[in-house]
There are 2 protein chains.
Amino acid sequence: MQNISEEDYLGIIYKHKDKNGEVKANLIAEKLQVSNAAVTDMLKKLSRNGHIIYEKYKGIRLTEGGEVYAKNMVRRHRIWEVFLNQIVGMPWDKVHDEAHRLEHSGSDELIDRLEEMLEYPEYDPHGDPIPSKEGKVPKLRKHVQLAELKQGQAGTVIRVNDFDDQFLQYISKIGVKLNEPVLVKEKRRFDKSLQIIVKGKPWNISNKVAENIFIEIKKK
Amino acid sequence: MQNISEEDYLGIIYKHKDKNGEVKANLIAEKLQVSNAAVTDMLKKLSRNGHIIYEKYKGIRLTEGGEVYAKNMVRRHRIWEVFLNQIVGMPWDKVHDEAHRLEHSGSDELIDRLEEMLEYPEYDPHGDPIPSKEGKVPKLRKHVQLAELKQGQAGTVIRVNDFDDQFLQYISKIGVKLNEPVLVKEKRRFDKSLQIIVKGKPWNISNKVAENIFIEIKKK
DNA sequence: CATTATTTTTAAGCTTACTTAAATTTGGAT
DNA sequence: ATCCAAATTTAAGTAAGCTTAAAAATAATG
């Protein structure tokens, strides 16, 4: 395959499949910023060439081959992210976009060399697992949304969603960082917003923000 | 511009312009492995958007803007080459293809960071000059084709053509390397082939090969 | 300088990945 | 169970970048 678009579609399907391994066309359209009609077209194509299982109006799921392919795209993306962050020194709120530009280029050999150079990282700068060349996906430690923590509970940030640059910039600014502690000082009923303590400083964040930060709870 | 094809065309035009700054359509078609008709189409487009000066059946030349654009593509390509060679440890006979895949991706910021990381290299791994961000092109030292050396003359390799991977692999194998000395031991009239000494070892090379290796002549 | 040969352009058509607008199907609420 | 809204598909059309085949212009050769 030479195809940027196909690769993007497969990557999105992989990253957004639910517990049943299914995705809705709508979501794909939104994530890729294309029309629903464009998605239907591409789904037919991906179905024809055996990457997905697709029946009209039904949920979409990857075939075994499609999964291998998609996982490799995610692998590429995340290895680029680690590389950009660790070697080039790019901040975590910028690596996503840059990696997206690069993930379709570069040969598999290059990706393997970068991986070696980085000493086989298991997670990208946002805490997402990097599939190995053989397709193994490192397990994520048990975690919950920051929004689910109770007042007074503390934990360690182990993953954040990387869908939006602005979000990442914002949480960087307030000091949220991978593998760093956070404490929930206060929770408010009416808007579900919360006050958290990061590096000793208090911050108010919305529920929306707290839903996209994932925490490993500290044992008492 | 978002366009891989346009970028490729402009890069080729820049790299292959003659002393008058002109290129023939034919050459572009050959270098890019597309039909002449495709070239005509694209030339019209590049002319329309002000990147080249183009009149039917006449030679093609870059406008000022086109030159800036094209030079930037060459810059990107060559910085990737140095990066792949020096940081990733990829041999010089592989960097061209890999860099070609990467040169259209990556933001300008990334290229700048890579350049900084590499300490502003002036030449790529084949000895080709790297345009600066401001568009300055480092001068090449005075040089001649290896094929032009007389029997008994010696010199230093300062550039090789990177058009063909096989060629690069071949000269690597016989020990030809940038900034290393070569001596012409023998020249043969009938086929213009020559015997050279590299690292103390003798090798027979064709005239064709010798035409693509560039030498700075040693003063006696 | 006339006639080939080579380049370049035109013309017509193809594929990919999109678009908008209209039609269809599905799923949820009453 | 019916109806409505949301999701999905169809239909028709567009733009980019190609292709081949034929026509036109330029360059090269005797």
Enquirer: Filter on ring-ring contact (aromatic ring centres under 6.0 Å, His included), then keep only pairs touching residues 5-31 of chain A, sequence neighbours left out; what's left?
Expert: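 Checked against ring-ring contact (aromatic ring centres under 6.0 Å, His included) - neighbours excluded - the pairs reaching residues 5-31 of chain A are A/His16-A/Phe163.
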
Enquirer: Could you state the CD-P distance from B/Gln33 to D/dT20, rounded to the nearest angstrom?
Expert: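 Rounded to the whole Å, the gap is 12 Å.
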
Enquirer: Output, in order, the C-alpha distance, side-chain angles, deciding distance and verdict of side chain to side chain contact (heavy atoms under 4.5 Å, CB included) for A/Ile79 and A/Leu118.
Expert: CA-CA 9 Å; A/Ile79 286 177; A/Leu118 295 163; 4.3 Å; yes

Enquirer: Could you please spell out the steps behind the side-chain hydrogen bond (donor to acceptor under 3.5 Å, both in side chains) verdict for A/Asn3 and A/Ser5?
Expert: CA-CA 5 Å; A/Asn3 232 310; A/Ser5 277; 5.0 Å; no

Enquirer: Show me the donor-acceptor pairs within less than 3.5 Å that the side chains of residues 20-31 of chain B make with the rest of the protein, sequence neighbours left out.
Expert:
none

Enquirer: So does A/Ser35 get a side-chain nitrogen or oxygen closer than 4.0 Å to the phosphate oxygens (OP1/OP2) of C/dC18?
Expert: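 Answer is no, no contact under 4.0 Å.
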
Enquirer: Name the pairs: protein N/O against N/O of nucleotides 8-15 of chain C, kept only if under 3.5 Å.
Expert:
unit_1 : atom_1 : unit_2  : atom_2 : d
C/dT8  : OP2    : B/Asn26 : N      : 2.6
C/dT9  : OP1    : B/Tyr54 : OH     : 2.4
C/dT9  : OP1    : B/Tyr57 : N      : 3.1
C/dT9  : OP2    : B/Thr40 : OG1    : 2.9
C/dT9  : OP2    : B/Tyr54 : OH     : 3.4
C/dT9  : O4'    : B/Tyr57 : OH     : 3.4
C/dT10 : OP1    : B/Lys56 : NZ     : 2.5
C/dT10 : OP2    : B/Lys44 : NZ     : 2.6

Enquirer: Check residues 136-147 of chain B and write down every donor-acceptor pair under 3.5 Å in which the side-chain atom is one partner and the other belongs to a residue at least two apart or another chain.
Expert:
unit_1   : atom_1 : unit_2   : atom_2 : d
B/Arg141 : NH1    : B/Glu216 : OE1    : 3.2
B/His143 : ND1    : B/Arg141 : O      : 2.8
B/Gln145 : NE2    : B/Glu211 : O      : 3.2

Enquirer: If I take atom NE2 in residue A/His104 and atom C1' in nucleotide C/dA17, what distance separates them, rounded to the nearest angstrom?
Expert: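 For the pair A/His104 NE2 and C/dA17 C1', the rounded distance is 14 Å.
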
Enquirer: So which pairs with a foot in residues 100-113 of chain A pass side chain to side chain donor-acceptor pair (under 3.5 Å), sequence neighbours left out?
Expert: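 Matches after skipping sequence neighbours: A/Glu7-A/His104, A/Asp8-A/His104, A/Arg75-A/Asp112, A/Arg76-A/Asp108, A/His77-A/Glu103, A/His100-A/Glu103, A/Ser105-B/Ser105, A/Ser107-B/Glu98, A/Asp112-A/Lys133.
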
Enquirer: Does B/Ser5 have a side-chain nitrogen or oxygen under 4.0 Å from the phosphate oxygens OP1 or OP2 of D/dA16?
Expert: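 Checking B/Ser5 against D/dA16: no side-chain N or O falls below 4.0 Å of OP1 or OP2.
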
Enquirer: Establish, yes or no, whether a centroid distance under 6.0 Å links the rings of B/Tyr123 and B/Phe214.
Expert: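 That pair fails the under 6.0 Å test.
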
Enquirer: If we fit an axis to the first five pairs and another to the last five of the helix from C/dC1-D/dG30 to C/dT30-D/dA1, what angle do they make, to the nearest 10°?
Expert: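 Nearest ten degrees gives 10° for this helix.
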
Enquirer: For A/Leu46 and C/dC18, what is the distance between atoms CG and P respectively, to the nearest whole Å?
Expert: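 Taking CG of A/Leu46 and P of C/dC18, I get 11 Å after rounding.
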
Enquirer: Do you know the tightest heavy-atom contact between B/Asn85 and B/Pro125?
Expert: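 For B/Asn85 versus B/Pro125, the nearest heavy atoms are CB-CG, 3.7 Å.
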
Enquirer: B/Glu22 CD to D/dA27 P: how many Å, rounded?
Expert: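 Spelled out: CD on B/Glu22 to P on D/dA27 is 11 Å.
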
Enquirer: Could you give the CZ-to-P distance, from A/Arg48 to C/dA17, as a whole number of Å?
Expert: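 One finds 10 Å between P of C/dA17 and CZ of A/Arg48, rounded.
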
